[in-house]
Structures are given as structure tokens and as C-alpha cells.
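Here's the structure, in C-alpha cells; my notes come after.
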Amino acid sequence: MLIYNTLKRRKEEFIPLHPGKVRMYVCGITAYDYCHIGHARSCVVFDVLVRYLRSQGYDVTFVRNFTDVDDKIIKRAQQEKLTEDEVAEKYIEAFYLDMDELNVLKADIEPRATRHIPEMIQVTQVLLDKGYAYSTAAGDVYFRVRKMPHYGLLSARNVEELQSGSRIAPDEDKEDPLDFALWKAARPEEPSWESPWGKGRPGWHLECTAMSEKYLGIPFDIHGGGEDLTFPHHENEKAQSEAAFGREFVRYWIHNGFVRVDSEKMSKSLGNFITIRDIINSFHGEVLRFFLLTKHYRSPLDYSDGSLEEAEKALKRIYWAKTALQKELQKEKWSKGQEFSEADQELNSLSQKWDDAMLDDMNTAEAVGYVFGLVRLANRMLENKVFRKSEAGRDVMQKMLDQLDKWGHSLGIFHRPGKEFLEELKFMRCRRYDIDPEFVLKMVQKRQEARNNKDFKAADEIRHQLAEQGIEVMDTSEGPKWDFA
RNA sequence: GGCGGCAUAGCCAAGUGGUAAGGCAGCGGUCUGCAAAACCGCCAUUCUCCGGUUCAAAUCCGGAUGCCGCCUCCA
């Protein structure tokens with residue numbers, strides 16, 4: 001598999017350190033607020049990476065942390081009149097609920113910073129012993145950035161430029177403005193832990209070093225996160241880890257692109273963020289997940305309500321085909337004769353292309369294109385009566401469904417029973433447009449009565465009435481059905 | 001100011017040297033009492049612009065313009 005390594009700034013063949021095993025660490029959330037679509041993207045992207053690596057036969061150990069001690073949590077605790085622990089607990093719980101909606105799997109290990117204070121103190125002590133860190137009279141401990149010769153390699157900047165362009169607040173106690181805190185001396189009213197340097201709390205970057213070393217060992221294979229973490233977080237994490245352990249920290253650095261709104265980064269500080277729970281009020285979680293995968297993970301992704309509507313329609317198309325296949329396969333009698341090797345070959349070809357796309361830096365956008373290739377193939381074949389009724393056709397149909405399942409397993413979508421999912425979508429739409437499904441059903445029944453009486457004029461009137469609300473009535477062999485246009 | 005990225009149809013979007021995937025919208029046809037879905041056909045001689053390299057460029061190089069990100073907490 002080819003993976004774009006931020007450190008090298010190019011795609012590289014992914015070769016794990018231990019054959020068949022992948023050790024992967026992704027920076028999780030700071031638990032002080034509800035997750036927005038940007039968090040959703042990061043979580044979904046790395047969830048797909050884990051799923052796909054597993055589908056390729058790798059034994060993946062996936063660690064995703066929770067930052068539960070931090071300035072923002074402290075501030076939030078004061079605002080909400082809760083303890084820091086309660087704040088973290090509240091938003092971690094919310095995180096899990098959101099991830100369930102998005103069908104994001106739990107990581108194998110989900111460590112929290114506050115439960116690894118001794119490990120962090122130990123790393124700090126090693127850095128002090130090795131001369132990479134220094135403590136101040138105030139009880140802070142800082143990392144000596146200039147002592148690391150390759151500092152800046154990951155984020156493509158050099159220390160001189162950082163210095164000159166510095167918006168870094170000079171700190172009286174720091175030897176150098178570039179130095180960053182490993183340990184912060186306690187301030188009143190803030191959570192703190194005993195340490196050899198007095199009471200205090202860990203700096204942000206330290207937890208990832210301590211916990212990844214503990215659960216994965218160094219070096220490990222993949223470290224991921226949003227691209228805004230590249231600097232300073234990952235750069236600092238890398239520096240302190242390599243200084244402490246004296247060897248390479250991470251082999252492949254993977255960063256996902258931002259979600260944007262009106263061409264601007266979605267972020268807390270800009271206040272233009274939309275939370276996951278806002279979305280799933282009116283859109284199915286799977287629609288959001290699908291939308292997030294329709295663009296390559298490293299590109300910026302523009303969010304709008306319209307783009308979700310579009311994703312919903314596209315996803316619906318896939319489920320329609322899935323439902324049609326499932327329905328055909330319920331038959332019990334099948335006829336002999338006629339092969340459908342062309343369809344079979346096309347299916348194989350799509351399967352190959354899909355893997356090629358995923359193996360090339362996880363190109364889910366291209367891969368989704370091949371899913372539609374299958375949808376079109378399935379629909380086309382389903383037009384053929386002989387195909388639908390023959391054993392050979394049945395085998396191809398089953399293979400199509402299996403393929404869809406397999407792809408869906410990696411992408412974390414298309415896994416719902418088709419009919420059920422389409423009903424759920426309909427329900428979401430009713431809620432979004434404030435339409436009463438009972439009322440619609442009544443109208444549909446009324447129209448059917450008119451139709452039975454051959455009163456097509458009255459029937460059409462109801463059709464038009466419903467159409468004004470964006471509702472289509474479909475006359476099928478199983479009676480009338482309705483859905484949004 | 002420094003560093004980095006992006007620019008493909010009405011919209012979204014894939015495509016890093018071999019002649020423009022896919023989705024949405026739209027148009028024509030089949031099907032239908034009328035529709036919807038589905039199917040068939042159409043929908044970028046061209047990839048922001050200007051130069052260059054090459055038998056061959058959306059893809060490589062140089063320049064211009066526009067947009068965005070990082071350099072401060074941020075997925």
C-alpha cells in the first residue's frame with residue numbers, strides 16, 4: 001500500500017516494522033466540547049484506514065487517546081461549575097455517542113492523559129538527565145528545541161525562520177523562545193500532581209510520547225491526526241520522543257485535511273463549526289460518513305447542507321440497488337442455462353480497481369466511483385429477465401452483494417439492510433422538512449382508492465399536491481410507495 | 001514577513017507523462033393510466049492564464065492571477 005508520509009512529503013510503500021502487524025496511534029480529542037465535522041472527518045478517515053488495513057490481513061493495534069487535562073478543560077470546568085474530570089467524562093461520553101452514529105469503531109486502546117502521569121514524569125526525568133530539558137525556579141520544565149538537530153523536519157520549517165517569524169510569546173524563564181513546556185508548575189485552582197519539580201501538570205505533547213511508548217513501543221508504524229497538529233504538536237512530540245528514547249519515533253506520519261465552511265477552515269476559534277449532533281438531527285449518520293469519504297482524505301473538504309443532500313441522494317442510489325438485489329435473491333426457484341460471464345468479469349475488474357484505488361494512499365473518492373460502477377452494472381443486469389431468474393444470474397447477484405458488503409466493511413457504510421435504511425432516510429427527511437408521515441400515508445391511500453375507481457384525475461391531483469412538498473408517489477407491483485424526490 | 005497547499009463541466013469530484021472516472025443537476029428515448037425508480041443515449045476536443053520541455057502535458061519546469069492553510073489553542 002502507498003501512503004503519503006508527511007515527513008517525506010511523498011507517497012511511500014507502506015512496510016510495517018513487524019511483518020503483518022501494524023501499530024498505529026492517532027491523536028484523539030481534547031474533551032472539553034462536542035465534536036464538530038472536522039473531528040468527524042479525522043475519526044472517519046483513520047477508522048477507514050484501520051478497517052482497510054485489517055481487510056488486507058494486517059493485525060492492527062490502534063491507539064487513540066483522550067486529552068483530559070488542558071487549559072480549555074480547566075476553563076470549561078469553571079464555566080460549567082464542574083470538576084475537570086466531570087467535564088472530560090461528559091464530553092468523552094458525547095464523543096462515543098457521536099462515533100456510534102458515524103459507525104466509527106472503538107480503538108483497541110483509548111488511554112487518557114491523567115491516568116499516565118507517572119509515565120510522563122518519567123519521560124521528563126529522562127530528558128532532564130540527558131540534558132534535553134531544564135527546570136526553572138518556578139517549577140516549570142522546558143524542552144531545549146535547539147538541541148535537536150532535525151527539529152522542523154516534519155513540519156517543513158527551520159528554527160531560524162520560526163525564530164524570526166515568531167509570534168511565540170517570549171517567556172522570561174525560557175532559555176529560548178522556541179522551547180516548549182514538558183511540565184507546567186501548578187497554579188492555584190488548577191488540577192495538579194506531585195512531581196520531582198513540585199506540583200504541576202504535564203504539557204500537551206507529553207502524553208502522546210508517554211502513552212504511545214507504553215502501548216505500542218518506539219518506533220511504531222503510523223501516527224495520524226489532523227493537519228493542524230503537524231506543528232507544533234507532532235513536531236514537538238517527535239523531538240521529545242526521539243531525544244528521550246534515542247531512536248526514530250514514528251515511521252509514517254499521516255495527516256488529514258480540514259473541513260471548510262465557505263472556503264474557510266472549520267474551527268473552534270473561528271466559531272464556524274457545526275457539531276456532529278447538529279447534523280444527525282436532520283441527516284443520517286451514514287450520510288455524513290459517506291460525504292466525508294467522497295473526497296480524498298488529504299484535500300480540504302467544503303461542507304454545506306447542499307453537499308449533504310447530494311450525498312444522501314447518492315447513497316440512496318446505492319441502497320436502492322442493494323435492496324433490488326436482496327429482493328431478487330429471496331426467490332426460491334431458479335432456472336438453468338445461460339452464463340453471464342461478462343457481468344462476472346466486469347465485477348472482477350471493478351473489484352480490482354477498487355483495491356488499486358484504496359492501495360494508492362487510500363483514495364476513497366475514486367473507490368466510491370467504482371461502487372457506482374457496480375450499482376450501474378447491477379441495475380443493468382436486473383433489467384434482464386433471464387438473468388433475474390437463472391441460477392447463473394443468482395450467483396452473480398450474490399457476488400455483487402458480497403462485493404458491496406466487502407467494500408462496505410472497509411468504508412463502514414452500506415452495511416444496513418437496504419429496506420430498513422431507506423426507511424430511516426425517509427424518516428430523517430420528514431423530520432428535516434417537518435412533514436408528517438402519517439398524513440402522507442393517508443393521502444397515498446386516498447389516491448390509491450381513486451386509482452382503483454379509475455378516477456385518475458383525483459389521483460393525479462393528490463400526486464401533484466404531494467409533489468409540491470417534494471414527495472413522489474410510486475406505483476409498484478407491491479402497491480403504492482412514497483419517498484422524497 | 002516566512003513556509004506549504006490548491007485551481008478539472010452548472011455544482012461536487014477522481015485522475016502526476018499516453019489522449020478527461022464517478023455523483024448531483026439538466027436534456028432526449030424506453031417503461032408507466034400519468035409519474036417515480038431503473039435502463040439506453042446526450043452533457044469538458046479540454047483541465048485558471050502565459051510561456052517552456054517532450055513524439056506526447058490536466059499531469060513535468062518557469063512565470064502570472066486567484067483561493068486556502070500553518071507559523072498561537074485547534075481534527
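A, B, ... follow the sequence lines: proteins, then strands. Residue 1 opens every chain.
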- For C47(B), give its Watson-Crick or G-U wobble partner with both distances under 3.5 Å, or none. none
- Query: What is the nucleic acid contact for Val473(A), judged by heavy atoms within less than 4.0 Å: base, sugar-phosphate only, or nothing?
  - Reply: base
- Message: Using the rule salt bridge (Lys or Arg N to Asp or Glu O under 4.0 Å), only one of Asp68(A), Asp140(A), Asp70(A), Asp71(A) pairs with Arg201(A); which is it?
- Response: Asp71(A)
- Task: For Arg9(A) and for Asp360(A), find the nucleotide of RNA chain B with the closest heavy atom, then tell me which residue's nucleotide is more 5'.
- Result: Arg9(A)
- Item | Whole-Å P distance, C47(B) and C11(B) | 16 Å
- Return no unless some side-chain N or O of Asn363(A) is found under 4.0 Å from OP1 or OP2 of G15(B). yes
- Message: C40(B), OP1 or OP2 - any side-chain N/O from Arg380(A) closer than 4.0 Å?
- Response: yes
- Distance-only donor-acceptor test, Arg157(A) side-chain atoms vs G69(B) base atoms, 3.5 Å: no
- Item | Whole-Å distance separating the CG atom of Asn272(A) from the C1' atom of G69(B) | 13 Å
- Task: For Ser307(A), answer base if it contacts any base atom (sugar-phosphate contacts may also be present), sugar-phosphate if it contacts only those atoms, and nothing otherwise; contact means non-hydrogen atoms under 4.0 Å.
- Result: nothing
- Task: Under 4.0 Å between any heavy atoms, over every strand shown, what does Ala314(A) touch: base, sugar-phosphate, or nothing? Just pick one.
- Result: sugar-phosphate
- When rounded to the nearest Å, what value does the distance between C1' atoms of C71(B) and A64(B) take? 26 Å
- Item | Euclidean distance for C1', G22(B) against G28(B) (whole angstrom) | 22 Å
- Using a heavy-atom cut-off of under 4.0 Å over every strand shown, decide if Asn256(A) touches base, sugar-phosphate, or nothing. base
- Message: Once you apply a heavy-atom cut-off of 4.0 Å, does Gly225(A) come out as touching a base, just sugar-phosphate, or nothing?
- Response: sugar-phosphate
- Message: With a 4.0 Å cutoff (strictly under), does any side-chain N or O of Lys313(A) reach OP1 or OP2 of A25(B)?
- Response: yes
- Task: Look at the side chain of Asp70(A) against the base of C73(B) and say whether a donor-acceptor pair falls under 3.5 Å; ignore hydrogens and angles.
- Result: no
- Message: Categorize Gly257(A) for me: base, sugar-phosphate, or nothing, with a 4.0 angstrom heavy-atom threshold over every strand shown.
- Response: base
- Query: Looking across every strand, which nucleic acid part, if any, lies under 4.0 Å from Tyr370(A) by heavy atom: base, sugar-phosphate, or nothing?
  - Reply: nothing
- Query: Could you walk me through whether Phe62(A) and Tyr25(A) pass the side-chain contact (heavy atoms from CB on, under 4.5 Å) check?
  - Reply: CA-CA 6 Å; Phe62(A) 177 34; Tyr25(A) 186 100; over 6 Å; no
- Would you classify His296(A) as touching base, sugar-phosphate or nothing, given that sugar-phosphate means primed atoms plus P, OP1 and OP2, and contacts are heavy atoms under 4.0 Å? sugar-phosphate
- Note on the structure: Heavy-atom nearest nucleotide on RNA chain B taken for Lys72(A) and for Glu383(A); more 5' hit belongs to Glu383(A)
- Query: Could you give the OH-to-P distance, from Tyr303(A) to C12(B), as a whole number of Å?
  - Reply: 16 Å
- Message: If you go through the side-chain atoms of Asp460(A), does one of them form a donor-acceptor pair with the base of G33(B) closer than 3.5 Å?
- Response: yes
- So what's G41(B) paired with, Watson-Crick or G-U wobble, going by both distances under 3.5 Å? C27(B)
- Tell me what Val45(A) touches on the nucleic acid: a base, only sugar-phosphate, or nothing, going by heavy atoms under 4.0 Å. nothing
- Just call it for Glu366(A): base, sugar-phosphate, or nothing, with non-hydrogen atoms closer than 4.0 Å on any strand. base
- Would you mind reading off the distance between Glu461(A) atom CD and C34(B) atom P, rounded to a whole angstrom? 19 Å
- In Watson-Crick or G-U wobble terms, with both distances under 3.5 Å, the base opposite G66(B) is C6(B)
- Any side-chain N or O of Arg317(A) less than 4.0 Å from the OP1 or OP2 oxygen of A38(B)? yes
- Task: Give Arg447(A) one of three labels, base, sugar-phosphate or nothing, depending on what nucleic acid heavy atoms sit under 4.0 Å from its own.
- Result: base
- Message: On the side chain of Arg463(A), is there an atom forming a donor-acceptor pair with the base of A35(B) - under 3.5 Å, no angle test?
- Response: yes
- Item | Distance between P atoms of A58(B) and G69(B) (Å, rounded) | 30 Å
- For Arg388(A) and Lys385(A), what are the C-alpha separation, side-chain angles and deciding distance, and is it a side-chain contact (heavy atoms from CB on, under 4.5 Å)? CA-CA 5 Å; Arg388(A) 286 198 312 248; Lys385(A) 223 173 185 174; 3.5 Å; yes
- Any strand: nucleotide that pairs with U16(B) via Watson-Crick or wobble, under 3.5 Å: none
- Message: Is there aromatic stacking of Phe456(A) on G33(B) here, judged by a ring-centre distance under 5.5 Å and a plane angle under 30°?
- Response: yes
- Query: So Phe66(A) and Tyr96(A), would you call those rings parallel, tilted or perpendicular, with 30° and 60° as cut-offs?
  - Reply: perpendicular
- Query: For G33(B), what is the paired nucleotide under Watson-Crick or G-U wobble rules, both distances under 3.5 Å?
  - Reply: none
- Query: Quick one: does Glu310(A) reach the base of G23(B) with a side-chain donor-acceptor pair under 3.5 Å?
  - Reply: yes
- Is there a side-chain polar atom (N or O) of Lys295(A) under 4.0 Å from OP1 or OP2 of G23(B)? no
- Any donor-acceptor N/O pair under 3.5 Å between C39(B) base and Arg376(A) side chain: no
- Query: His36(A) vs Phe273(A) aromatic rings, parallel, tilted or perpendicular, using cut-offs 30° and 60°?
  - Reply: tilted
- Item | Any donor-acceptor N/O pair under 3.5 Å between G33(B) base and Arg451(A) side chain | yes
